[in-house]
Amino acid sequence: MAGHKLIYQIYPTAIGSLRDIADKIPLIARLDVDYIWLSPIFFSPWIDGGYDVADYTKIDPRFGNMSDFRHLVTVCNKYDIKILLDLVLNHTSTEHPWFKASEKLDPWYKDYYVWLDRPLNWNSFFGGPAFDYDQVRGKYYLHLYDRSQPDLNFYNPRVVKEFKDIIKFWTNRGVAGFRVDSANILADSAFKPGYLPRIAGFFNYYQTTQTVDILEKLFSQHNIFTIAEPVGGNFMSKAKFRELTRKAFDASFNIGTLDVADTLFSMKDKIQKVHYKQWFKKLAKWTPEKKFSFALETHDTPRAVSRFEADAKVLAMLQFLLPSYYPCIYQGQELGTANPELSNNIDDYPGVQSRQIYQRLRHEGKNKAQAMRAVKRNSRDNARQPIDWAEYILQDHNEDSVLNFYRKLIHLWRTDVVIANGSLKVRRTTSKGVFDFDRVYKGKHYHVHLDLSNRTVSTLKNDLGQIIISSR
């Protein structure tokens, strides 16, 4: 269907090098995906899984080199798949040459980052103060994430120009677009000289007019596909969503559609039951948005079948039978991959957020076992483990497998006009995990019964009551 694009996210270290990824493209292509989105492959100290970039135009050696990237582009082109790169705009690594020059007051780079004479009372997303004192420069720099990830100053036109050049560099090498990390927290008038905000926290920092203007300057003139990942979860209104996607982005996530189910502001340090009614209400509100990208999993979440304690086929029906114009599948999701059995030792966790969750819980008085229970259930390290490709081959040859169920659903999503274009009418939601709704298009009514508890069979029926597809 026109306007429908399927995105498949790859977290590269879970597969291997760029050559390893290229070898898996023939299998991934059988899902009929339009784009693969690669989490960062740029040169990085790897403190935050590559989202701490030290060079935006150099491939990290763990993935290979530019020749390997060209090979991946060639293979993807063969299967009519386009490549999206993960573009980290909000911050760099402290190891980036820009930051090294900025802290030394290099005249060209001194204003590339947000520097203040005294810190504000903000907390970072990962916990702890959002400002760190730099011994070299003698000022405080902003880091909304880890202290190794200083925030860039997008009021500086040189910073904007840098990213225009980076975008051009990659599009010249066959990249079709970008997924933009933390897209709505780039700039705020609070950082104009002589002015400090008087309120606690940084909720005034979410998606200012300045941020939207910057993004439109970066993306609206390019013939590329762009998808935003705004932060803020439930703080995002439809008005802000539409403003963000007006010119700069073809599609956008709203992480709040997942976080409302079982977490608070993405902190991930509490084990909470799933609030199904609240979640279904949020999905019914957001999935009809044509630029909304519905994802059940990403590199930042635990596996969906474990998180929601639901059958993989029912979750697949939820994703593809609700209105879904730009759905995103995370690698291994199509196999029904569950959380692995992670270590009980926090020192074995590579993710900086996992360690910070643990430290925060220990500081709150939780013992080691209690802290590790929350980390093991909620950690994004669950999603960053190697893919079981032997399981992929087994499921490929099993007609009743989760993998082949995804293929059937995707085909239906692409070819059935009611599923592709029908409006949504909610019939019933329950706290036990039942979600009944209709899809309506030009006089045709399809009924969808989803039961995430798996007590009943989940079905899609046409207006004659005939089953088109079911979970069993």
Side-chain angles (χ1 to χ4, degrees), residues 9-15 39-41 44-53 60 62 86 88 90-91 93-95 123-130 132 143-150 181-182 229 231 233 253 255 258-259 261-274 295-309 330-333 337-388:
Q9 184 191 356
I10 292 174
Y11 191 74
T13 55
I15 295 181
S39 285
I41 57 172
S44 167
W46 218 256
I47 292 172
D48 187 26
Y51 286 87
D52 48 323
V53 179
D60 195 284
R62 74 189 68 212
D86 212 321
V88 186
N90 176 71
H91 53 265
S93 165
T94 49
E95 296 300 312
N123 285 328
S124 75
F125 284 112
F126 289 169
D132 236 47
H143 59 91
L144 291 182
Y145 292 90
D146 187 66
R147 61 184 299 181
S148 66
Q149 296 166 293
D181 184 69
S182 302
E229 182 233 22
V231 298
F253 301 105
I255 304 303
L258 286 182
D259 286 349
D262 63 342
T263 62
L264 179 64
F265 307 151
S266 301
M267 295 302 285
K268 302 180 181 178
D269 56 359
K270 304 292 189 296
I271 297 177
Q272 302 183 57
K273 67 177 183 179
V274 178
L296 284 169
E297 300 180 18
T298 73
H299 62 293
D300 281 335
T301 68
R303 290 294 187 174
V305 292
S306 298
R307 178 175 184 173
F308 302 114
E309 297 179 345
Y330 183 69
Q331 59 187 27
Q333 177 186 330
T337 303
N339 284 350
E341 182 57 41
L342 295 176
S343 169
N344 288 311
N345 183 356
I346 193 61
D347 293 334
D348 295 333
Y349 286 71
V352 62
Q353 190 186 56
S354 297
R355 298 191 296 274
Q356 287 169 339
I357 290 171
Y358 178 82
Q359 291 162 5
R360 187 162 59 246
L361 290 172
R362 293 286 284 142
H363 181 74
E364 292 173 2
K366 300 292 191 295
N367 62 36
K368 290 182 178 179
Q370 290 171 323
M372 285 309 305
R373 189 155 52 245
V375 170
K376 290 178 72 172
R377 179 175 176 84
N378 295 341
S379 171
R380 59 191 189 179
D381 286 312
N382 283 298
R384 301 183 179 193
Q385 307 305 310
I387 300 298
D388 185 351

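- Note that OH of Y358 and OG of S379 are 13.5 Å apart. Values are rounded to the nearest 0.5 Å.
- A side-chain hydrogen bond (donor to acceptor under 3.5 Å, both in side chains) with Y11 is found for exactly one of Q331, R384, Q385, R380, namely R384.
- K376 and N344 form a side-chain donor-acceptor contact under 3.5 Å, judged by distance and modelled atom types alone.
- A pairwise comparison of heavy atoms in I10 and I15 identifies CG2-CD1, 3.7 Å as the closest pair.
- Taking CG from D52 and OG from S148, the interatomic distance works out to 5.0 Å, rounded to the nearest 0.5 Å.
- With values rounded to the nearest 0.5 angstrom, D262 atom CG is found 7.0 Å from R377 atom CZ.
- No side-chain heavy atom of H91 sits less than 4.5 Å from a side-chain heavy atom of L144.
- A donor atom on one side chain and an acceptor atom on the other are found under 3.5 Å apart for S39 and Y51.
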When you look at T337 and D388, which way does the side chain to side chain contact (heavy atoms under 4.5 Å, CB included) test go after all the steps? CA-CA 9 Å; T337 303; D388 185 351; over 6 Å; no
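- Applying the 6.0 Å contact sphere to CZ of R147 captures no more than 12 heavy atoms from other residues, nucleotides or ligands.
- A distance of 7.0 Å separates CZ in F126 from OH in Y145, rounded to the nearest 0.5 Å.
- Considering every non-hydrogen atom in both N382 and L342, the closest pair reads OD1-CD1, 3.2 Å.
- What you find for S93 and P150 is that their closest heavy atoms are C-CD, 3.8 Å.
- Note that CD of Q353 and CG of N378 are 9.5 Å apart. Values are rounded to the nearest 0.5 Å.
- Side-chain atoms of D146 and Q356 form a donor-acceptor pair, as typed in the model, at a separation below 3.5 Å.
- When side chains are defined from C-beta on, R360 does not count as touching H363, because their heavy atoms never get closer than 4.5 Å.
- If you take NE2 on H299 and CG on D381, they are separated by 11.5 Å, rounding to the nearest 0.5 Å.
- No side-chain donor from either of S343 and N345 sits under 3.5 Å from a side-chain acceptor of the other.
- Listed by chain and residue number, W37 satisfy the ring pair (Phe, Tyr, Trp, His ring centres under 6.0 Å) test with F253 (two or more places apart in sequence, or in another chain).
- No donor-acceptor pair closer than 3.5 Å links the side chain of S182 to the backbone N or O of N90.
- When all heavy atoms of L361 and A374 are compared, the closest pair comes out as CD1-CB, 3.6 Å.
- Nearest heavy atoms, S354 versus V375: O-CG2, 3.8 Å.
- Using a distance-only test at 3.5 Å, with no hydrogens or angles considered, a donor-acceptor pair links the side chain of R355 to the main chain of P350.
- The residue from R303, R307, Q333 that alone fulfils the side-chain hydrogen bond (donor to acceptor under 3.5 Å, both in side chains) condition with E297 is R303.
- At a threshold of 4.5 Å between non-hydrogen side-chain atoms, the residues V274 and E309 do not count as touching.
- The two atoms that bring A383 and Y330 nearest to each other are O-OH, 2.7 Å, heavy atoms only.
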